[in-house]
Amino acid sequence: MQELASKQLREHNSLAVVANCQRLFALEQINDLPALTQLKLEQPLMLGAGTNILLRADYPGDVILNRLQGRQIIDATDKHAFVRIQAGADWHKTVLWALDKELSGIENLALIPGTAGAAPVQNIGAYGVNLSDSLELVEVWDRQRKQALMLKAANCKLGYRDSLFKQQIDRYWILNLTLKLSRKPKLRLNYSGIKQQLLANGIENPRPEDVVTAVCQLRKRKLPDPAKHPNAGSFFKNPMVTDTQLKRLLNQYPDLPHWPETENQTKLAAAWLIERCGFKGKRVGAAGIATNHALVLVNYGQATGSELWQLAATVQAAVLQRFEVKLEPEPRILP
Ligand SMILES: Cc1cc2nc3c(=O)[nH]c(=O)nc-3n(C[C@H](O)[C@H](O)[C@H](O)COP(=O)(O)OP(=O)(O)OC[C@H]3O[C@@H](n4cnc5c(N)ncnc54)[C@H](O)[C@@H]3O)c2cc1C
């Protein structure tokens with residue numbers, strides 16, 4: 001384990017906010033974990049690539065960058081393979097690695113930035129697929145019990161952008177994940193856009209690699225590239241409303257997009273609500289909302305974390321006032 005000379009976090013958050021922490025460590029080998037747990041750490045924060053955080057100010061504690069690397073097939077049957085991915089491995093490269101090994105199930109999650117270890121934290125999802133569809137086990141360091149544990153996915157409380165790791169934030173450090181992938185193509189093409197993109201590419205009988213290509217094309221078209229326009233992906237979760245709220249909203253806005261989720265719970269499109277409040281493409285100084293996607297908060301220059309947060313709070317307040325719907329941020333707001 002290495003303590004880095006720099007305490008700067010700008011390179012470690014995709015919104016490119018300038019902020020410092022007290023001390024910055026990199027956990028590069030699992031053998032370094034005991035030494036790390038022996039240190040007197042101040043409010044330790046485990047980070048992957050920082051693509052799902054907003055630093056409103058300096059972080060008043062120690063930050064540990066999870067850099068544990070490695071991917072391997074640990075077991076296989078005729079139908080499935082079980083693969084273990086170390087927490088610091090790049091997620092998109094993991095999708096490509098699985099493709100190369102002819103293992104299917106995570107194609108729709110291509111090009112989601114960040115590390116594998118952060119993927120269970122908000123149960124990453126895209127184009128109709130969630131990590132929970134393939135997740136089997138998560139190995140963690142439990143900071144409360146001071147021991148390593150192997151958790152079954154069924155015990156990780158995985159929900160829509162939610163998990164045990166979010167609910168008990170900072171208790172668990174994720175060390176690795178085990179995924180169950182299919183040895184036969186298991187394609188999920190129902191989500192709008194994928195089929196159209198495949199057809200536009202002239203593909204009628206898609207293979208897993210065609211789905212990865214189509215997903216990457218869709219994402220590149222829809223989402224600003226954080227390397228050019230620093231952002232944290234969708235800034236708000238799609239809100240859930242009750243039947244009573246839905247009825248009220250549909251009376252006023254008959255074109256409101258909505259998807260029934262469970263009994264008495266319907267999901268709304270946060271992007272639609274934000275766009276209707278006139279925020280798409282709006283800028284306040286260097287903080288802005290992307291021109292092509294109302295859910296994406298962008299740092300167009302030297303915006304501070306607090307300026308970005310103020311814009312997000314303004315959006316939240318406007319949506320609450322107009323629709324009486326509370327938007328919840330998807331990224332972790334720090335400190
Ligand atoms: C352009 C863009 C597009 C995106 N698209 C999607 C999308 O389609 N779907 C989606 O679900 N998300 C999306 N995201 C959000 C983000 O990519 C994911 O949430 C990703 O899993 C974050 O990985 P990370 O390594 O950057 O996590 P970080 O931002 O470093 O951390 C996020 C949270 O996880 C915790 N954490 C990180 N690593 C560990 C660990 N090893 N153990 C315990 N806790 C840990 C952190 O403390 C923090 O609370 C997008 C982001 C961007 C910038």
Side-chain angles (χ1 to χ4, degrees), residues 9-17 19 24 26-28 45-55 59 63-71 83-99 105-127 129-135 138-140 156 158 160-166 169-170 172-179 212 215-216 218-220 222-237 293 295-299 305 308 329-334:
L9 297 174
R10 189 188 179 284
E11 282 167 31
H12 306 295
N13 75 96
S14 63
L15 272 165
V17 165
L24 186 58
L27 176 62
E28 282 162 356
L45 169 70
M46 180 70 79
L47 277 190
T51 64
N52 208 22
I53 58 167
L54 167 61
L55 287 154
Y59 184 71
V63 171
I64 304 147
L65 303 171
N66 193 312
R67 296 289 177 259
L68 298 173
Q69 295 298 320
R71 302 176 184 97
V83 301
R84 184 150 295 160
I85 317 293
Q86 299 305 313
D90 179 83
W91 175 258
H92 176 63
K93 287 187 185 150
T94 303
V95 174
L96 299 182
W97 174 86
L99 201 59
I106 49 175
E107 296 80 5
N108 299 34
L109 304 180
L111 220 60
I112 297 184
T115 57
V121 176
Q122 71 153 0
N123 184 22
I124 56 167
Y127 299 100
V129 172
N130 292 304
L131 180 78
S132 49
D133 299 326
S134 328
L135 189 67
V138 182
E139 190 170 11
V140 296
C156 292
L158 300 161
Y160 167 62
R161 303 298 161 268
D162 198 18
S163 71
L164 170 72
F165 315 110
K166 244 190 180 181
I169 200 106
D170 294 330
Y172 300 103
W173 288 345
I174 295 172
L175 306 174
N176 62 61
L177 328 176
T178 305
L179 305 179
V212 169
V215 166
C216 291
L218 285 167
R219 293 185 67 97
K220 282 184 184 159
K222 280 191 176 171
L223 290 165
D225 176 0
K228 290 186 197 139
H229 298 298
N231 71 83
S234 300
F235 197 83
F236 293 104
K237 295 208 252 183
H293 204 315
L295 258 189
V296 182
L297 190 68
V298 179
N299 181 354
L308 288 160
E330 188 181 295
R332 181 166 176 189
I333 310 300
L334 291 160

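Bear in mind that the values here come from a model prediction, so they are computed numbers and not experimental data.
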Worksheet entry | Separation of Trp91 CH2 from Leu109 CG (nearest 0.5 Å) | 5.5 Å
Worksheet entry | Side chain proximity check, Leu68 to Asn176, heavy atoms < 4.5 angstrom | no
Response to the item:
Result for side chain to side chain contact (heavy atoms under 4.5 Å, CB included) between Leu47 and one of Ile53, Thr115, Ile64 points to Ile53
Worksheet item: Under the side-chain hydrogen bond (donor to acceptor under 3.5 Å, both in side chains) test, which residues partner Ser132, sequence neighbours left out?
Response: Asn123
Worksheet item: Does some side-chain heavy atom of Leu334 sit less than 4.5 Å from a side-chain heavy atom of Leu45?
Response: yes
Worksheet entry | Sequence-distant partners of Arg332, side-chain hydrogen bond (donor to acceptor under 3.5 Å, both in side chains), two or more places apart | Asp170
Discussion item. side-chain contact (heavy atoms from CB on, under 4.5 Å) for Arg71 and Lys93? Distances and angles first, verdict last.
Written reply: CA-CA 10 Å; Arg71 302 176 184 97; Lys93 287 187 185 150; 3.4 Å; yes
Worksheet item: Rounded to the nearest 0.5 Å, what separation is found between the OG1 atom of Thr51 and the CG atom of Leu15?
Response: 9.5 Å
Practice prompt. Go through the structure and list residues passing side chain to side chain contact (heavy atoms under 4.5 Å, CB included) with His229, not counting sequence neighbours.
Written response: Pro224, Val298, Tyr300
Worksheet item: Is there side-chain contact between Pro329 and Leu54, with heavy atoms separated by less than 4.5 Å?
Response: no
Item to complete: Please name the pair of heavy atoms, one in Leu308 and one in Leu297, separated by the smallest distance, quoted to 0.1 Å.
Response: O-CD2, 3.7 Å
Item to complete: Compare all side-chain heavy atoms of Leu223 with those of Leu111 and state whether any distance is below 4.5 angstrom.
Response: no
Worksheet item: Within the distance-only criterion (no hydrogens, no angle test), does the side chain of Arg161 pair as donor or acceptor with the backbone N or O of Val121 below 3.5 angstrom?
Response: no
Practice prompt. State, to 0.1 Å, how close Ala232 and Pro331 come at their nearest heavy-atom pair, and which atoms those are.
Written response: CB-CG, 4.2 Å
Worksheet item: Below 4.5 Å, heavy atoms only, C-beta onward: do Thr178 and Val83 meet side chain to side chain?
Response: no
Discussion item. On a heavy-atom basis, which atom in Pro113 and which in Arg219 lie closest, and how many Å separate them?
Written reply: CD-NH2, 4.3 Å
Practice prompt. Under the side-chain contact (heavy atoms from CB on, under 4.5 Å) rule, what do Leu9 and Val17 come out as? Steps first, then yes or no, please.
Written response: CA-CA 8 Å; Leu9 297 174; Val17 165; over 6 Å; no
Response to the item:
Sorted by chain and residue number, the side chain to side chain contact (heavy atoms under 4.5 Å, CB included) partners of Pro226 (sequence neighbours excluded) come out as Ser14, Asn231
Practice prompt. Look up atom CD1 in Ile112 and atom CG in Asp90, then write down how far apart they are to the nearest 0.5 Å.
Written response: 11.5 Å
Response to the item:
Smallest heavy-atom separation, Gly88 atom then Asn66 atom, equals N-OD1, 3.3 Å
Worksheet entry | Ile174 side, atom CD1; Ile85 side, atom CD1 - distance, nearest 0.5 Å | 13.5 Å
Worksheet entry | Check: Val140 and Trp173 side chains under 4.5 Å, non-hydrogen atoms | no
Practice prompt. Kindly write out the residues that satisfy salt bridge (Lys or Arg N to Asp or Glu O under 4.0 Å) with Asp133, not counting sequence neighbours, or none if the list is empty.
Written response: Arg188
Worksheet item: Looking only at heavy atoms, what is the nearest atom pair of Pro120 and Ala116, with distance?
Response: CD-O, 3.3 Å
Worksheet entry | Residues which pass ring-ring contact (aromatic ring centres under 6.0 Å, His included) with Phe165, listed by chain and number, not counting sequence neighbours | Tyr172
Item to complete: Could you tell me the separation between the CG atom of Leu135 and the CG atom of Leu177, rounded to the nearest 0.5 Å?
Response: 6.0 Å
Fill in: All side chain to side chain contact (heavy atoms under 4.5 Å, CB included) counterparts of Lys222, not counting sequence neighbours
Tyr127
Worksheet item: What distance separates Ile106 CD1 from Trp97 CH2, expressed to the nearest 0.5 Å?
Response: 8.5 Å
Worksheet item: Is the closest side-chain heavy-atom distance between Asn52 and Glu330 below 4.5 Å?
Response: yes
Practice prompt. Mind running side-chain contact (heavy atoms from CB on, under 4.5 Å) on Asp225 and Lys220 for me, showing each step along the way?
Written response: CA-CA 7 Å; Asp225 176 0; Lys220 282 184 184 159; over 6 Å; no
Response to the item:
For Asp162, the side-chain hydrogen bond (donor to acceptor under 3.5 Å, both in side chains) test, sequence neighbours excluded, returns Gln167
Worksheet item: Can you name the side chain to side chain contact (heavy atoms under 4.5 Å, CB included) partners of Ala110, sequence neighbours left out?
Response: His92, Val95, Val212, Val215, Cys216
Worksheet entry | Validation row: Leu65, Leu27 side chains within 4.5 angstrom (heavy atoms) | no
Discussion item. Tell me whether Arg10 at atom CZ has more than 12 heavy atoms from other residues, nucleotides or ligands lying less than 6.0 Å away.
Written reply: no
Response to the item:
side-chain hydrogen bond (donor to acceptor under 3.5 Å, both in side chains) filter on Gln86, not counting sequence neighbours, yields none
